[in-house]
Structure formats: C-alpha cells, structure tokens
Asker: 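Quick one: the structure is below, and I'll ask about it shortly.
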Amino acid sequence: MKKQVIRIDGEPFVFEIGEKITIGRIGYGANIEINDQKVSRQHGIIEAVEEKVFILDLESSNGIFINGERVPSGKPIQISEKDIIKIGSSELRLQSKKASSEKGTISKSFSGHGEISKFKETIKQKKELQIGRLPNNDIVFNDPTVSRAHARISYENNIFWIEDLGSVNHTYVNGNKIKTKTKLRDSDVVTISFYAIGLREGAKDLREESNAINAVAIQKIYPNHKIGLQSLSLEIPHSSFVALMGPSGCGKSTLLKCLNGDNPATAGEVFIHGLSLRENFNLIKKKIGYVPQDDIIHKELTVYKTLFYAAKLRLPDDTSNEEIDNRINKVIADLNLDQDKEKGIKSIKVGNLSGGQRKRISIAVELLTEPTILFLDEPTSPLDPETIESFLTSIKKLTSNRTTIIMVTHKPEDLNYVDQVIFLGVQGHLVYKGLANGLVSSFEVDTIVEVYSEMSHIDKVKNKYIKPNALGYQNRADAEIKREKPDSLWLQLFWLISRYLNIKLNDRENLFLLLAQPLIIGGLVCLVFNQFRVGVLFLMTISAIWFGVSNSAKEIVGELSVYRRERMFNLNINIYILSKWAVLSLIAFVQSLLFVTIVYLNFKYNTYTGFDEVYLRSFWGSTALMFFLSFSGSLIGLWLSSSLNTTEKVMTVVPIILMPQIMLAGVMTKINTTLVEVLSFFTLGRWGTEGFSRLQDEASPDSKGVIFGQVQEFSASAMDVLNLYDKNLTNEGTLIGGVFNGFDQNIIAILILNSLFYMLIYYALKKKDSI
C-alpha cells in the first residue's frame with residue numbers, strides 16, 4: 001500500500017494511507033508518543049486520504065498549531081510539506097517524498113532512514129566546520145551578535161559533535177545553552193543568534209523561514225484584575241512596517257510590551273521568528289530593539305560617546321574599535337543623521353540636539369546590534385510635522401535591511417508611511433489587522449478620525465470585535481526565566497564606570513556645585529565654632545551623610561528608562577550598583593578631603609592658650625572616616641533613587657531620611673527611651689558621631705580631646721562629653737551595653753547598615769524587572 005511519512009522533531013514516522021494515527025502523551029497508548037506534559041493523553045489524529053493528509057485536534061488542552069496559528073478543535077485541517085505543526089514543544093513536518101519502508105515507531109536515530117545529506121557529507125570529509133562572524137570561518141553569519149569564532153561542528157568516531165568556542169551570546173541545542181562538547185543527533189537543532197543548523201538541513205536564517213511575530217491568544221490581566229488587553233492573536237510578516245493604533249488607554253503600549261517581553265502577557269504565547277519569546281528570551285532579547293517613550297540616552301554625552309558606550313556594553317567583547325566605528329557610521333547614515341549638522345553630529349552633546357534627533361539617536365543605539373525587530377513606542381509624539389516626515393522616511397528605509405518595525409502611534413498622518421495597521425478599540429479589544437489603506441474602508445467611514453470616535457465606545461467595539469482564532473491557550477506566564485550573565489562582568493563594570501564618570505565630568509556645572517559644598521559647609525563650621533568641640537564632630541558626621549545622600553539621590557531615578565532598557569538587554573544589577581557606587585565614592589572622597597582639610601587647618605592654627613593640642617585628630621584618620629560615612633550615605637541615596645519613580649518624590653523624602661540622622665545621634669538630645677535607642681541603631685548619625693569621638697580620643701594626648709564650655713573650667717575626652725544616654729536609661733540598662741564601645745565596633749555597625757541598604761537597593765531594582 002502507499003505510505004506517508006511525518007517527521008517528529010526531525011525523526012520519521014511512516015504510516016499507510018487510510019490509516020488513522022493517534023498522537024498523545026507518552027505512556028497512554030498513542031501511536032505517536034511525545035514526552036511532554038503540555039501534550040494531552042489523546043491529543044490529535046493524523047490521517048492520509050488518498051493524496052491529502054489531515055490533522056485533527058481532539059479538544060486538547062494546549063492545542064495544535066500550524067504555522068503559529070491554533071487550529072479549531074474537532075475540524076480536520078489539511079496539511080502540506082510547507083506547514084510547521086507544533087504540538088507541545090515538538091515540531092511535526094510532512095515529508096515531501098512518500099516512504100517505502102514499513103510502519104514503525106519514532107526512532108532514536110536516523111540510521112537507515114533517508115538519504116545522508118550533503119551537509120553531513122561535508123562535515124565528514126572536512127572533519128570539522130567552524131562557525132563565526134569572520135570570513136575565514138567555514139560557515140559565516142555576518143551578524144554582530146555572533147562571535148568571530150563562535151562554534152565548531154566536528155565528526156569523530158562516527159559521531160557528530162557541537163562545541164561552543166567561548167562565544168559571547170552562546171550556542172543552543174534544542175533551546176538549551178551548551179557548556180561542553182555535545183553530541184549532535186540528526187533531530188537536534190543548533191541555534192546561533194537567529195540562525196538554525198541541522199545535520200540534514202544545514203544552515204538557515206530563521207528570519208526568512210517564518211513571520212517576524214506570531215502572537216497566540218495573548219491576554220494581559222493586571223494584579224488588580226483589570227484587563228489591559230483582551231485575548232487576541234495576530235501575525236506580523238518580517239520586513240514590514242506596522243503601526244499599533246487606537247484611542248487613548250486602549251492598550252497600545254501594553255500590546256507592544258507583551259510582544260517584546262518588557263511586560264509579558266499573562267496568558268498566551270508570543271513567537272519571534274518561530275521561537276517562543278518566553279523560552280528563548282536570553283537569545284531573542286539581543287536581537288530585538290526597543291525604544292520606549294522616554295529617551296534611553298544620556299544628555300551629558302556626545303553622540304559618538306553615547307553610541308560607543310552602547311556598543312561596548314551590547315556587542316560581543318571581541319568586537320574591535322574599528323568595527324564599532326564602522327557600525328556607528330552606518331547607523332548614523334541609515335537614520336540620515338549625518339546630514340543634520342554641517343560640522344558632523346558625532347561631536348555634539350545629546351542634550352543640545354532637537355527632539356527628533358534625540359529620538360533617532362535612541363533608535364541608533366538599538367540598531368547597533370542589527371535587531372531583527374524594532375519596537376518604537378510613540379516616537380513621533382513630540383515631533384513637528386516636518387520632522388515627522390524626515391523621521392518616518394528614514395525609519396521606513398530600515399525595512400529594506402530585513403528589519404521589522406512595530407510602532408505605537410496615535411497620529412493619523414503616520415498611516416502614509418506604514419504597511420499594515422493593528423487597531424485596538426477601547427478596553428483592549430483587537431478590531432482591525434490588515435493593510436494600512438484598508439483601515440478606513442473596513443469601518444465603513446470616511447476618515448480615520450471617525451474610526452477613533454467609533455472605537456472609543458465599548459458597544460461599537462463589541463460589534464466590530466474580531467474573536468481570536470486561538471482560544472483556551474494555556475497560561476505560560478508563570479514559567480521561570482533565568483537571566484544569563486553579561487559576557488564579562490568585569491568589562492561591563494569597566495565600561496559602566498567609564499560612561500558614568502564621563503557623564504559626571506561633562507556635567508561641569510553640577511560637578512562644581514558638588515565640590516563647592518564642602519568648601520561652603522566647612523567654612524561655616526569654622527565660622528560658627530570658635531573652639532573645637534563635640535558639635536564639630538557631629539556636624540562632620542551629618543555633612544558626610546548629606547554629601548553621600550545628595551550626590552546619589554537622583555542618579556537612578558533620573559535614568560530609569562536607560563536602566564530598564566539595558567537591564568532588559570544584559571545589565572547585571574550588582575554591576576550597575578557598583579558602577580554608581582564607585583564614581584560617587586570618588587566624588588565623596590574629594591569632598592571629604594576638602595572638608596577635613598578646612599576644619600583641620602582652622603582648629604590647628606586657631607586654638608586656645610593652654611589647649612594647643614586640642615584640634616581635629618588625626619587628619620588622615622578623620623578623612624577616611626568621613627569618606628566612609630559619605631560612602632555609606634551614597635547607599636541611602638541610591639536606595640531612595642531606586643525605590644521611587646520620580647525625582648520630585650526622591651527630593652521630598654530626602655529630608656525625612658536626614659532628620660533622624662540628626663535627631664537620633666544623641667547630641668541634640670540624649671537617648672532617653674528604649675524605642676529611641678533601637679531607632680538610633682539604624683542611623684549613621686549615631687555611629688558616625690561615636691566613631692569621630694573615639695578616633696579623636698585615640699589620637700589626642702592626655703585624653704584631652706574636646707573642650708566643652710569655658711576653656712578655663714573644664715576639659716575632657718570626646719566620649720565623656722558626648723555621653724549619648726540619659727542617666728535614667730543608663731540606670732535601667734541599655735540594650736547593647738558595652739557591645740559597641742569601640743571604634744572598630746562602630747565601623748562594624750556602619751558596615752551592617754551598608755549591607756542592609758545594599759540589599760534594599762538590589763530588591764528595589766529587581767522589582768523593576770518585567771520578565
């Protein structure tokens with residue numbers, strides 16, 4: 001009898017025409033068994049009727065997908081050799097030639113099945129094939145996310161092997177990153193960037209094999225149970241320019257973020273060039289570009305420095321400066337930025353550019369990695385009509401380089417530049433998907449304005465609502481995503497510090513004000529105090545904390561859009577915190593050195609007769625302690641900056657954080673209750689003032705550390721004068737007793753607080769992760 005062959009993950013299953021073949025989960029008696037919990041016990045049926053082959057979904061939980069679209073249950077669907085059938089994590093393809101072998105089960109190898117491919121023969125003859133970006137490789141993938149020498153396929157002892165050559169973006173087999181030399185079977189698929197390699201099929205570009213995006217029954221429900229996006233399915237062809245449109249609040253940005261992973265859907269699944277976004281996020285995230293509404297660039301840097309640092313942080317470590325320069329020149333030319341300034345745009349500060357130019361620089365940052373899909377969230381909103389025309393014309397040209405553009409917009413005139421439109425009605429309903437020139441006619445109105453008006457009313461939306469063709473898709477949003485570390489933590493730290501330091505040095509006015517603070521405050525201390533006393537040590541402590549907090553309070557919240565985008569790409573949270581801390585610490589050291597120098601010189605050469613030895617001791621010890629307190633204060637500022645979402649809120653909370661440092665230090669008033677004592681444990685003001693006092697006592701001769709009151713009447717050690725606790729509380733017994741009665745113990749207490757604030761910063765930044 002005549003036979004047909006279906007391949008499951010590349011391995012053949014032969015069946016006779018007229019025979020019904022059941023598909024189901026392993027262990028439940030199906031003809032084709034798939035070891036996957038997402039596959040139902042009796043999932044579907046395949047049947048060949050004469051020359052045609054049909055597949056039937058038996059009302060399975062997770063469905064059968066043909067080319068990314070879920071087929072309706074209970075209805076036979078004809079399939080062809082071109083169709084890709086997905087059941088769970090397995091892929092089925094109908095073989096083009098009818099097989100002549102007998103009926104069998106899924107084989108574990110290709111031994112004895114089919115002809116040996118030319119690709120396999122080539123590997124056997126050459127013994128190995130090297131894959132990489134440079135032309136000297138056997139298989140060349142000209143892609144910036146592919147390393148110069150990325151991977152190697154070899155043939156040894158009648159076995160094929162795949163080996164990663166220390167690449168930056170890794171090599172995957174069947175979606176799993178390989179760490180060692182791995183045996184390669186005929187059914188395995190090797191993925192490098194968006195290229196797939198199979199022993200039988202050879203290498204192919206996934207971007208040319210499928211749609212750019214397939215969204216299957218995606219839905220967004222927020223924690224408060226509000227539906228931000230109704231269940232919908234859509235396809236976006238590659239190399240197309242698509243506009244996401246709809247009235248305000250309809251879910252345009254929500255849909256965009258569901259498609260790119262910035263804020264994943266709570267149900268359904270998104271496929272990027274046939275790969276699951278959730279299961280392959282670490283691979284896909286480096287091949288998609290995303291420009292949110294806020295700029296993702298620093299205004300203090302020049303255009304060249306902005307693109308250079310972005311390239312260093314995103315491109316493989318082995319990318320040379322020459323390659324980076326060439327890529328920068330290319331993206332500038334692609335976006336028509338080289339014609340905007342006669343003197344050349346690369347040397348201009350980003351802050352001095354127009355809104356349209358800044359938006360294009362944000363896009364240029366994303367284009368450095370040659371993304372296959374570029375997501376833009378309302379890029380034309382702040383632009384004037386003339387700028388919009390130039391902007392959209394340059395964006396549309398990107399599609400000729402096989403880049404798919406998905407743009408959120410609310411401007412009707414933008415329709416003149418896009419290929420397709422996805423239109424959402426109020427409450428997140430999909431009401432139109434198709435050609436841009438067919439939008440108005442499909443609603444039977446005369447203008448796009450009328451479309452907006454109609455789709456702002458829920459009753460009219462429901463009448464026009466297109467039901468999704470993929471209902472009941474199982475929610476997979478709870479799958480855990482393990483973020484991969486960046487290529488090199490040390491290199492990422494180096495380039496982040498370099499960029500941040502460059503930003504600070506370029507912001508000269510602010511830097512001048514930061515360095516003026518210790519001069520002004522230190523001068524006031526010397527002016528107010530005519531003798532050296534505990535109050536001076538207390539103000540040194542509070543000043544150090546102020547320097548640290550004020551230096552850092554706006555540093556994260558002010559670049560939140562930059563952080564979120566870089567975090568989505570490959571930014572390590574610990575490295576990000578350390579880069580901020582390192583540069584802020586450098587500023588804090590200079591501030592501390594200036595402050596201590598002023599106080600030290602003033603009280604050393606402006607002393608009272610008989611107390612010539614009473615002044616700030618020791619110079620370097622005091623500088624180190626003040627720096628340590630400012631260093632610690634930076635963590636408080638970074639915590640505020642990472643926890644709040646606007647600069648205004650941060651600056652409102654700063655005084656609330658600083659006042660307890662003053663009130664609970666035990667100087668303004670004694671610690672008189674257990675509650676006040678417990679609260680004082682969490683302030684740098686207390687431990688810093690104690691630390692300065694103990695340092696003064698250790699460095700002062702004859703225990704004369706501080707003069708208190710009239711010089712002629714009394715002199716004592718700093719700690720005697722400080723005397724933090726009220727007598728009543730001392731008699732009752734303090735909580736800590738003498739546990740922290742020492743300079744080293746004070747430092748340990750501050751270190752404990754540092755650890756606490758560091759964890760709070762990390763937690764606050766981690767909460768901003770979307771996937």
Side-chain angles (χ1 to χ4, degrees), residues 8-11 35-36 89-91 106-111 116-117 119-134 136-141 143-204 206 274-276 278-287 314-319 479-492 569-570 572 574-575:
I8 297 87
D9 294 330
E11 301 188 17
N35 188 13
D36 189 333
S89 59
S90 293
E91 179 181 293
I106 299 177
S107 62
K108 300 301 180 183
S109 71
F110 278 109
S111 177
I116 299 177
S117 71
F119 185 64
K120 293 176 69 174
E121 283 294 331
T122 302
I123 301 172
K124 286 184 176 183
Q125 292 172 7
K126 299 191 69 171
K127 299 301 182 185
E128 66 179 37
L129 295 179
Q130 185 165 294
I131 307 162
R133 188 173 75 243
L134 295 184
N136 60 348
N137 290 282
D138 299 294
I139 300 176
V140 179
F141 295 147
D143 190 302
T145 58
V146 177
S147 296
R148 296 181 178 185
H150 197 107
R152 181 187 297 120
I153 297 178
S154 58
Y155 183 72
E156 302 172 13
N157 301 322
N158 297 324
I159 297 174
F160 292 94
W161 301 87
I162 180 67
E163 177 183 9
D164 186 82
L165 300 179
S167 66
V168 169
N169 293 317
H170 313 297
T171 303
Y172 298 81
V173 175
N174 301 328
N176 300 312
K177 183 177 72 175
I178 60 171
K179 298 180 179 179
T180 59
K181 195 172 182 178
T182 303
K183 185 185 296 185
L184 195 59
R185 304 171 302 171
D186 282 18
S187 59
D188 292 332
V189 177
V190 177
T191 307
I192 295 174
S193 186
F194 270 122
Y195 300 91
I197 303 173
L199 287 178
R200 289 189 174 272
E201 297 82 7
K204 61 183 178 181
L206 292 174
L275 300 176
S276 167
R278 181 161 294 277
E279 293 179 359
N280 300 275
F281 180 71
N282 288 312
L283 166 64
I284 293 172
K285 68 181 181 180
K286 295 186 178 182
K287 291 301 295 179
R314 297 189 183 199
L315 295 177
D317 295 337
D318 60 3
T319 306
E480 182 181 359
I481 296 296
K482 294 183 178 180
R483 287 180 179 267
E484 292 183 351
K485 293 181 179 179
D487 320 338
S488 167
L489 292 175
W490 288 111
L491 278 176
Q492 187 174 86
F569 192 88
N570 70 345
N572 181 276
N574 288 311
I575 294 300

Asker: Please report the closest heavy-atom contact between Ser90 and Ile8, naming both atoms and the distance.
Answerer: CB-CG2, 4.4 Å
Asker: Using a 4.5 Å cut-off on heavy atoms from C-beta on, say whether the side chain of Lys285 contacts that of Phe569.
Answerer: no
Asker: Check Ala151 against Ile162 and note the closest heavy-atom contact, atom names and distance.
Answerer: CB-CD1, 4.2 Å
Asker: Partners of Asn136 by side-chain hydrogen bond (donor to acceptor under 3.5 Å, both in side chains), sequence neighbours excluded?
Answerer: none
Asker: With sequence neighbours excluded, tell me which residues meet salt bridge (Lys or Arg N to Asp or Glu O under 4.0 Å) with Arg133.
Answerer: Asp318, Glu323
Asker: Ignoring hydrogens, what is the shortest heavy-atom contact between Lys177 and Tyr172? Give both atom names and the distance.
Answerer: N-CD2, 3.5 Å
Asker: What side-chain donor-acceptor pairs closer than 3.5 Å can you find for residues 189-198, not counting sequence neighbours?
Answerer:
from	atom 1	to	atom 2	distance (Å)
Ser193	OG	Thr145	OG1	3.0
Tyr195	OH	Arg207	NH2	2.8

Asker: For Asp188, check side-chain hydrogen bond (donor to acceptor under 3.5 Å, both in side chains) against everything at least two apart and list the hits.
Answerer: Asn174, Arg185
Asker: What closest approach, in Å, do Asp164 and Ile178 show between heavy atoms, and which atom pair accounts for it?
Answerer: N-CD1, 4.0 Å
Asker: Do the side chain of His150 and the main chain of His170 share a donor and acceptor less than 3.5 angstrom apart?
Answerer: yes
Asker: Got a second to check how far Thr171's OG1 is from Leu165's CG, nearest 0.5 Å?
Answerer: 7.5 Å
Asker: Indicate yes or no for a side-chain donor-acceptor contact from Asn572 to the backbone of Asn574 under 3.5 Å, with no hydrogens or angles considered.
Answerer: yes
Asker: Quick one: side chain to side chain contact (heavy atoms under 4.5 Å, CB included) partners of Lys181, sequence neighbours excluded?
Answerer: Ser154, Glu156, Trp161, Glu163
Asker: Should Glu128 and Asp138 count as side-chain neighbours, where that means a heavy-atom distance under 4.5 Å?
Answerer: no
Asker: Keeping the roles fixed (side chain from Thr122, backbone from Lys120), state whether a donor-acceptor pair exists under 3.5 Å.
Answerer: no
